[in-house]
Participant: 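Here it is, the structure, as structure tokens.
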Amino acid sequence: MSRTNSGHVKLKCLLLACISCCLIIFFYLQTGEVPKINFRTACWKPECFNTSEGFISYASPDHGLKATSKVAAIGRNGINSIEGPTLHSDTYTPTWVAVVAAKKCGSGALTYMLNGHPSIIYIPRKELGIDSTCNAKRYMANTIREFQITHPDPFAYILRENQCLWKGRAFEVLGEMKPHKIITMFCDPVHRVLSDYLQISLRQPENFQQFKKASLTDSIDLALKHLYAARKTMFEDEFASHVRKLAVQFPINHVVNIVSKGMYVYALMEYYKHYRKEDVLILNGKDMILRPWEVMDQVQIFLDLPERITRSDFYKNEKTGFYCFIRQNMQYCPSDEKSLTHSNDTVKPTLPPDYVIKLQKFFEPYNKKLFNLLGFKMDWKN
Ligand SMILES: Nc1ncnc2c1ncn2[C@@H]1O[C@H](COP(=O)(O)OS(=O)(=O)O)[C@@H](OP(=O)(O)O)[C@H]1O
């Protein structure tokens, strides 16, 4: 072999090695798994790179799951086209659902009640023993696999991870373990400010220290000042991403967050980049308080589950004003201390009327954008 020829061969090898490294890094970033190259079935044609059944197979432990097989045809909402692990047979796999609701909009009651459905398993995050499931990709993927083995029967697994609402790409890192469907819940952003402030000041005093004991109205003023100034100096896209970052990068107790977390449109926009609209269910927190059985119905239809939770599973607790859920051996009936802003017989804090107006004015354009994106309005009036 001539010197030039061997030089070319070396160069080609080097190039091939570089491409392989890039692919491995890309794959790792996407899935959190180190890919194992199966040379026997390797396909180096460009079209192979577009399919999940190309030359890469998973090196993760085999729990009896076929990592690359297709999700079977289940449900009328089209999840049959989603790639995912198949359990035990090629014809059935449970639906993975992530509840990512706006903080203080009623997702606690929602998930608890849904857990009363015989075909739903709600997995509390504390059971997973991690702080956040948005980015703990390897851990999440393994835990989900294990749950699928220990609970092979139920139709849907629900995980509540409200922190992920502001990280629209959050679940992408889970790769094939990404939830199939998303349930979110929004409520009146004006009332949410009060609810959030009280939650931090009364229930999380350790976080409240850092609020520097700003009063509710001082906190709102500071937050509005920041957000109006940012809006003025930034382009729309830049501002949207700034709002998303506030919720994620600023500490939980940052005053700006009590207002910015009500600008739901900027959270939802990101979700729609990663999920089809029909795979995202938007619920109204107000319905959860007034007609929880209707919310349950929406979820049952969305997940294509048999209607097991009905109106007769609810009764009103006149003392708290909330509906309680009772079904077989499950009961959810929060005491009047659970709610920080609602109760029928104790005086709860309210927002001063001038602050209601200030906040309504601030949220108006963002609510409008949200309703345009949704194609329907949410009634948040009391
Ligand atoms: N049935 C029932 N029982 C109790 N509470 C109910 C119920 N339905 C909705 N809500 C409203 O849920 C609000 C708390 O929301 P979250 O559970 O999402 O809070 S958190 O984000 O998990 O901290 C909570 O807000 P506050 O009343 O402002 O505390 C409730 O109004």
Side-chain angles (χ1 to χ4, degrees), residues 98-116 122-126 131-134 158-166 182-208 216 247 252-253 257-258 260-262 264 267 281-299 309 311 313-327 330-351 356 359 378-382:
V99 172
V100 284
K103 188 181 169 198
K104 298 303 293 170
C105 284
S107 61
L110 170 79
T111 39
Y112 196 94
M113 290 170 186
L114 284 177
N115 201 24
Y122 163 51
I123 306 177
R125 175 154 38 84
K126 62 174 184 295
D131 287 342
S132 168
T133 47
C134 304
I158 292 201
L159 185 101
R160 180 167 71 123
E161 191 49 283
N162 291 347
Q163 286 181 48
C164 303
L165 178 68
W166 291 94
I182 299 292
I183 296 178
T184 187
M185 186 179 258
F186 302 136
C187 54
D188 178 1
V190 175
H191 181 82
R192 207 209 68 82
V193 170
L194 173 67
S195 202
D196 200 357
Y197 179 89
L198 292 175
Q199 164 93 357
I200 298 170
S201 58
L202 303 175
R203 300 274 157 85
Q204 303 166 339
E206 70 285 1
N207 287 325
F208 194 60
L216 171 64
I252 177 179
N253 48 354
N257 275 337
I258 60 168
S260 71
K261 283 187 178 171
Y264 311 131
L281 176 66
I282 316 282
L283 299 170
N284 187 343
K286 192 181 149 197
D287 295 338
M288 195 60 219
I289 296 173
L290 298 180
R291 296 170 293 274
W293 54 91
E294 284 185 13
V295 176
M296 297 299 127
D297 218 33
Q298 281 177 273
V299 176
I309 300 179
R311 172 72 182 90
D313 296 321
F314 297 87
Y315 69 92
K316 194 165 191 169
N317 178 340
E318 293 304 337
K319 196 165 175 230
T320 62
F322 285 119
Y323 279 95
C324 299
F325 174 78
I326 182 153
R327 201 186 135 75
M330 287 193 65
Q331 183 171 11
Y332 181 74
C333 194
S335 73
D336 48 353
E337 279 147 36
K338 157 82 175 120
S339 167
L340 303 170
T341 63
H342 295 80
S343 179
N344 280 357
D345 70 350
T346 44
V347 180
K348 298 264 170 161
T350 51
L351 275 171
V356 172
L359 287 168
M378 284 195 157
D379 170 23
W380 284 322
K381 277 188 229 100
N382 288 314

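What you see below is based on every heavy atom in this structure, not just the backbone, and it leaves out hydrogens, waters and symmetry mates. One-based numbering, in listed order, for ligands and for the atoms of each.
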Participant: If the threshold is 4.0 Å, N to carboxylate O, is there a salt bridge linking Asp379 and Lys286?
Facilitator: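 Yes, Asp379 and Lys286 are salt-bridged.
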
Participant: Test your reading of the structure: does Met113 have an N or O sitting under 3.5 Å from an N or O of ligand 1?
Facilitator: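 Checking ligand 1 against Met113, no N or O pair falls under 3.5 Å apart.
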
Participant: Show which atoms of ligand 1 fall inside a sub-4.0 Å distance from at least one heavy-atom site of Gly108.
Facilitator: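 By the 4.0 Å cutoff, the relevant atoms are 16 (P), 17 (O), 18 (O).
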
Participant: Under a 4.0 angstrom heavy-atom cut-off, which atoms of ligand 1 come close to Tyr323?
Facilitator: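 So the answer, numbered in order with elements, is 1 (N).
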
Participant: Which of the numbered atoms in ligand 1 are below 4.0 angstrom from a heavy atom of Ile289?
Facilitator: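 Under 4.0 Å from Ile289, ligand 1 has these atoms: 8 (N), 9 (C), 31 (O).
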
Participant: When you measure from the heavy atoms of Ala101 to every atom of ligand 1, does any distance fall below 4.0 Å?
Facilitator: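 False for this residue.
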
Participant: May I ask you to check if ligand 1 and Ser107 share an N or O to N or O distance below 3.5 Å?
Facilitator: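 Yes; at least one N/O pair falls below 3.5 Å.
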
Participant: Keeping Thr184 on the side-chain end and Ile282 on the backbone end, is there a donor-acceptor pair under 3.5 Å?
Facilitator: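 Looks like no, no N/O pair under 3.5 Å.
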
Participant: Where the closest heavy atom to atom 6 (C) of ligand 1 is concerned, which of Phe314, Phe322, Tyr112, Tyr197 has it?
Facilitator: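 Result: the heavy atom closest to atom 6 (C) of ligand 1 is in Phe322.
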
Participant: Rounded to the nearest 0.5 Å, what's the gap from CD1 on Ile200 to CG on Asn257? Could you check?
Facilitator: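 One finds 7.5 Å between CD1 of Ile200 and CG of Asn257.
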
Participant: Backbone or side chain, does any N or O of Ala109 fall under 3.5 Å from an N or O of ligand 1?
Facilitator: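 No; the residue has no nitrogen or oxygen that sits under 3.5 Å from a nitrogen or oxygen of the ligand.
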
Participant: Please answer whether the main-chain N or O of Phe325 pairs with a side-chain N or O of Asp313 as donor and acceptor at a distance below 3.5 Å.
Facilitator: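 Side chain of Asp313 to backbone of Phe325: no pair is present.
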
Participant: Mind checking the CZ-OH spacing from Arg291 to Tyr323? Nearest 0.5 Å is all I need.
Facilitator: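 Reported to 0.5 Å precision, the distance equals 9.0 Å.
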
Participant: I'd like to know whether the aromatic ring centres of Phe186 and Trp380 sit less than 6.0 Å apart in this structure.
Facilitator: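 No, the ring centres sit 6.0 Å or more apart.
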
Participant: Taking a cutoff of less than 4.0 Å between a non-hydrogen atom of the residue and any ligand atom, is Arg160 in contact with ligand 1?
Facilitator: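 It does; at least one heavy atom falls under 4.0 Å.
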
Participant: Ligand 1 versus Cys324, non-hydrogen atoms closer than 4.0 Å: side chain, backbone, both, neither?
Facilitator: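 Within the 4.0 Å criterion, Cys324 makes no contact with ligand 1.
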
Participant: In Å and rounded to the nearest 0.5 Å, what is the NZ to NE2 distance from Lys104 to His191?
Facilitator: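 Answer rounded to 0.5 Å: 8.5 Å.
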
Participant: Could you see which bit of Met185 sits under 4.0 Å from ligand 1, with heavy atoms only: side chain, backbone, both or neither?
Facilitator: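 The answer is neither; Met185 stays 4.0 Å or more away.
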
Participant: So if I count the atoms of ligand 1 from 1 in the order they appear, which ones are less than 4.0 Å from some heavy atom of Lys103?
Facilitator: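 Near Lys103, meaning under 4.0 Å from one of its heavy atoms, ligand 1 has 21 (O).
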
Participant: Within this structure, what is the CG-SG distance for the pair Asp196 and Cys105, rounded to the nearest 0.5 Å?
Facilitator: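 Separation between the atoms: 9.5 Å.
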
Participant: Of all the atoms in ligand 1, which lie at a distance below 4.0 Å from a heavy atom belonging to Ser195?
Facilitator: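 Here the atoms of ligand 1 in question are 25 (O), 26 (P), 28 (O), 29 (O).
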
Participant: Taking Tyr197 for its side chain and Leu216 for its backbone only, find out whether a donor-acceptor pair lies under 3.5 Å.
Facilitator: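 Yes, the answer is positive, given that a donor and an acceptor are paired below the 3.5 Å cut-off.
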
